[in-house]
Amino acid sequence: MPEQLGVAGLGAAGVAVAYQVAMGGNGLRTLTGIPCPLCGMTTAATGLASGDLAAALAANPFVLVLAGFTLVMAVLMAARALGLLRPPAQWPASRRRQSYWVAGVLAAASWAFQLHRFGWV
């Protein structure tokens, strides 16, 4: 299941890039005026990559969750590719539901942060 979440994240990144290309760089906020749950994530990731933690957190503090998840997933997938770990076991339905709830709560919290950041709440 962790690998499936990682692949879903990569897929979401691909869709986000395709959307930006198709819309000429205009995101949801430009089109509707409403910030999306992941608004500021590119700015935050760029700030984090350049070592500007304050800018990253100001744009979207959930970038730390994403960065941590990405790091853990990269190490986990590399260890499995090298044969250091067994192939992943299927998560039970209860654990999958729990992970969906956690992802949903994080997305809702990120959206609340963005709505506040842009003066909607």
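Not measured: the values here are computed from a predicted model.
Between atom CE of residue Met41 and atom CD of residue Gln114 there is a gap of 8.0 Å, rounded to the nearest 0.5 Å. Between atom CG of residue Leu71 and atom CG of residue Leu66 there is a gap of 11.0 Å, rounded to the nearest 0.5 Å. Distance CZ/Phe69 to CG/Leu106: 11.0 Å, rounded to 0.5 Å. Taken to the nearest 0.5 Å, the CG atom of Leu48 stands 11.0 Å off from the CG atom of Asn60. Atom CH2 of Trp91 and atom CD of Gln98 lie 8.5 Å apart (nearest 0.5 Å). Put simply, CG on Leu76 and CG on Leu85 are 6.0 Å apart, with the number rounded to the nearest 0.5 Å.
Ala58 and Phe113 make their closest contact through O-CZ, 3.7 Å (heavy atoms, listed as atom of the first residue, atom of the second, distance). Taking both residues in full, the closest heavy atoms of Ala109 and Phe62 are given as CB-CZ, 3.5 Å, listed atom of the first, atom of the second, then distance. Contact between Ala44 and Ala59 at its shortest, heavy atoms only, is N-CB, 3.8 Å. In terms of heavy atoms, Ala56 sits closest to Gly47 at CB-C, 4.1 Å.
Side-chain contact between Arg80 and Pro87 is absent, with no heavy atoms from C-beta onward closer than 4.5 Å.
Both Val65 and Val102 are members of a single hydrophobic cluster when ILVMFWY side chains are connected at heavy-atom separations under 4.5 Å. Taking hydrophobic clusters as Ile, Leu, Val, Met, Phe, Trp and Tyr residues chained together by side-chain heavy-atom distances below 4.5 Å, Trp111 shares a cluster with Phe118.
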